[in-house]
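Start at 1 with the first residue, then count along the sequence.
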Amino acid sequence: MTLQQLKYIVTVADKGSISDAAKELFISQPSLTNAIKELENEMQITIFSRTNKGIVVSNAGDEFLAYARQVLEQANLLEERFLNAKKQSPRFSVSTQHYSFAVNAFVDVIREFGGSQYDFTLRETQTYEIIEDVSRLKSEIGILYTSSKNKEVIMKLIKQNSLEFEELFVANPHVFISSKHPLSGKDEITLDELEEYPYLSFEQGDYNAFYFSEEILSTLDRKKNIKVRDRATLFNLVIGLNGYTVSTGVISRELNGENIIAKRLKVNEYMRVGTIKQKNVTLSRYGKAYMEALKMHISEYI
């Protein structure tokens with residue numbers, strides 16, 4: 001087993017295909033395929049399963065890749081420290097629901113480690129994909145919430161994918177509305193008061209069951225419903241249509257401006273927001289820094 005082979009399999013996992021990885025690594029597809037097969041034979045495991053739709057990381061491959069990433073990270077640190085080698089582009093990925101504190105923490109990591117070159121990814125994506133991204137090591141850390149309604153299903157998925165959940169904070173549900181909304185002067189808002197206003201939520205694609213919803217209380221019937229894919233669109237509609245969405249109440253004026261405010265929603269529920277990562281896997285230096293930045297930003301808001 002060599003560092004080069006480990007780099008090969010990590011690149012294939014990141015790119016999702018042999019052909020894309022071969023281009024990234026500047027080698028031929030047959031050479032890359034043979035290198036992977038040699039490593040699989042040596043370690044007596046199947047890292048990638050070949051399907052009609054391409055390659056898929058196996059369960060054993062998930063665990064092997066987690067350790068491979070750590071080995072490569074430590075090797076890079078050794079080269080930087082003792083060989084004065086040219087620093088490679090650092091790589092780090094996060095998959096998250098649409099939270100401003102997740103973005104702020106990501107900015108902090110880039111400022112600390114970015115330097116002159118880096119390859120970082122922040123995916124504001126659907127709930128199921130967050131779990132899938134972390135289980136497949138597409139992202140090192142995921143951020144999502146559980147409540148009394150979805151906890152059983154979400155935690156079961158987390159366990160099935162050999163992940164672990166770490167609580168960041170527990171919040172009372174709030175609504176995000178425009179600062180000029182007719183209800184903006186109230187300290188607390190009821191569901192009845194919101195009945196006539198458009199309800200905005202993030203679509204969940206093929207996994208649109210209520211327990212994957214990013215918004216708590218998604219099972220309630222509402223007269224006016226609008227689904228969107230990105231946060232900017234949602235907030236534009238909140239302002240333009242006097243709409244509302246339901247979230248944690250943790251909001252960044254720096255990112256979202258003065259036009260969006262949070263008001264407590266009068267319901268008996270909670271949102272337990274936390275991170276997910278691979279079990280028994282030590283976070284990279286970027287992952288550790290990101291966790292610290294998350295906690296710092298959350299403490300400011302909470």
Side-chain angles (χ1 to χ4, degrees), residues 3 6-7 9-16 57 59 61-81 87-146 154-155 157-159 161-169 250 252 272-301:
L3 290 176
L6 297 182
K7 183 179 179 181
I9 63 166
V10 167
T11 304
V12 170
D14 287 344
K15 293 296 181 181
V57 181
N59 291 333
D62 274 338
E63 184 177 2
F64 189 86
L65 279 161
Y67 286 106
R69 292 178 191 275
Q70 291 184 71
V71 171
L72 290 173
E73 172 71 14
Q74 294 302 314
N76 287 338
L77 290 173
L78 284 170
E79 289 180 355
E80 291 172 22
R81 174 67 179 84
K87 188 176 180 179
Q88 296 184 6
S89 296
R91 292 188 175 187
F92 176 62
S93 296
V94 173
S95 293
T96 177
Q97 292 175 331
H98 298 75
Y99 299 126
S100 56
F101 59 82
V103 178
N104 287 332
F106 194 78
V107 170
D108 288 349
V109 174
I110 292 177
R111 285 174 175 169
E112 182 176 353
F113 294 105
S116 60
Q117 57 184 49
Y118 49 83
D119 187 2
F120 288 177
T121 305
L122 177 64
R123 299 183 182 90
E124 286 190 326
T125 189
Q126 299 165 350
T127 303
Y128 186 87
E129 289 183 354
I130 294 170
I131 297 172
E132 191 174 58
D133 283 352
V134 179
S135 70
R136 299 275 180 206
L137 291 170
K138 193 173 183 180
S139 288
E140 186 173 347
I141 294 172
I143 304 173
L144 46 71
Y145 85 93
T146 65
I154 296 298
M155 295 307 293
L157 276 173
I158 288 172
K159 184 177 181 181
N161 285 277
S162 299
L163 308 178
E164 57 186 15
F165 179 93
E166 180 181 337
E167 180 183 302
L168 290 171
F169 65 96
V250 180
S252 170
R272 180 174 173 242
V273 181
T275 60
I276 57 173
K277 73 174 189 67
Q278 287 273 352
K279 266 186 180 179
N280 304 318
V281 172
T282 303
L283 291 175
S284 68
R285 52 179 171 170
Y286 315 116
K288 290 176 181 177
Y290 186 72
M291 289 296 294
E292 291 301 315
L294 277 177
K295 293 171 183 177
M296 180 192 71
H297 284 288
I298 289 167
S299 67
E300 291 177 359
Y301 299 131

Between [Y] and [X], is there a side-chain heavy-atom distance shorter than 4.5 Å?
X: Leu283; Y: Ile141; result: yes
X: Asn161; Y: Val134; result: no
X: Leu144; Y: Phe165; result: yes
X: Val57; Y: Leu137; result: no
X: Met291; Y: Glu166; result: yes
X: Thr96; Y: Phe106; result: no
X: Ile143; Y: Val273; result: yes
X: Asp133; Y: Tyr128; result: no

Ring centre gap for Tyr145 and Phe169 strictly below 6.0 Å =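 Judged by ring-centre distance (under 6.0 Å), Tyr145 and Phe169 do not meet the cut-off.
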task = Please check if the side chain of Gln70 supplies one atom and the backbone of Ser284 the other of a donor-acceptor pair under 3.5 Å.
result =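 Here the side-chain-to-backbone pair does not exist.
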ask   = Between the side chain of Lys277 and the main-chain N/O of Val281, is any donor-acceptor distance below 3.5 Å?
value =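 Judged by distance alone, yes, a pair lies under 3.5 Å.
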query = Parallel, tilted or perpendicular: which fits the ring planes of Phe120 and Tyr118, with parallel below 30° and perpendicular above 60°?
reply =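 Phe120 and Tyr118: tilted rings.
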Chi angles and distances behind the side-chain hydrogen bond (donor to acceptor under 3.5 Å, both in side chains) call for Arg123, Ser139 = CA-CA 9 Å; Arg123 299 183 182 90; Ser139 288; 2.8 Å; yes
query = Thinking salt bridges, do Lys279 and Glu164 make one under a 4.0 Å N-O criterion?
reply =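 Judged by the 4.0 Å cut-off on N to carboxylate O distance, Lys279 and Glu164 do not form a salt bridge.
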Please report the closest heavy-atom contact between [X] and [Y], naming both atoms and the distance.
X: Ser95; Y: Thr125; answer: CB-CG2, 4.3 Å
X: Arg69; Y: Ala13; answer: NH2-CB, 4.2 Å
X: Phe113; Y: Ala289; answer: CE1-CB, 3.5 Å
X: Val10; Y: Ala68; answer: CG2-CB, 4.2 Å

task = Mark yes when over 12 heavy atoms from residues, nucleotides or ligands other than Gln126 sit less than 6.0 Å from its CD; otherwise mark no.
result =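 Yes, because the 6.0 Å sphere around CD of Gln126 holds more than 12 heavy atoms from other groups.
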message = Name the residue from Asp108, Val109, Thr275 that meets the side-chain contact (heavy atoms from CB on, under 4.5 Å) definition with Leu294.
response =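 The residue from Asp108, Val109, Thr275 that satisfies side-chain contact (heavy atoms from CB on, under 4.5 Å) with Leu294 turns out to be Thr275.
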Say you draw a straight line from [atom1] of [X] to [atom2] of [Y]; how long is it, rounded to the nearest 0.5 Å?
X: Arg272; Y: Ile154; atom1: CZ; atom2: CD1; value: 12.0 Å
X: Tyr290; Y: Leu122; atom1: OH; atom2: CG; value: 6.0 Å
X: Ile9; Y: Leu72; atom1: CD1; atom2: CG; value: 8.0 Å

query = Is there a side-chain contact (heavy atoms from CB on, under 4.5 Å) between Thr282 and Lys288 once you walk through the steps?
reply = CA-CA 9 Å; Thr282 303; Lys288 290 176 181 177; 3.9 Å; yes
request  = Go through Phe92 and Thr121 one step at a time and tell me if the side-chain contact (heavy atoms from CB on, under 4.5 Å) criterion holds.
outcome  = CA-CA 6 Å; Phe92 176 62; Thr121 305; over 6 Å; no
message = Under a 3.5 Å cutoff, is there a donor and acceptor pairing between the side chains of Ser93 and Glu140?
response =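 No pair is found: no donor N or O on one side chain lies under 3.5 Å from an acceptor on the other.
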request  = Kindly indicate, with the supporting measurements, whether the criterion side-chain hydrogen bond (donor to acceptor under 3.5 Å, both in side chains) is fulfilled by Tyr99 and Gln97.
outcome  = CA-CA 6 Å; Tyr99 299 126; Gln97 292 175 331; 2.7 Å; yes
inquiry  = Going by salt bridge (Lys or Arg N to Asp or Glu O under 4.0 Å), Asp14 matches just one of Arg91, Lys7, Lys138. Which one?
reply    =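 Only one option passes, and that is Arg91.
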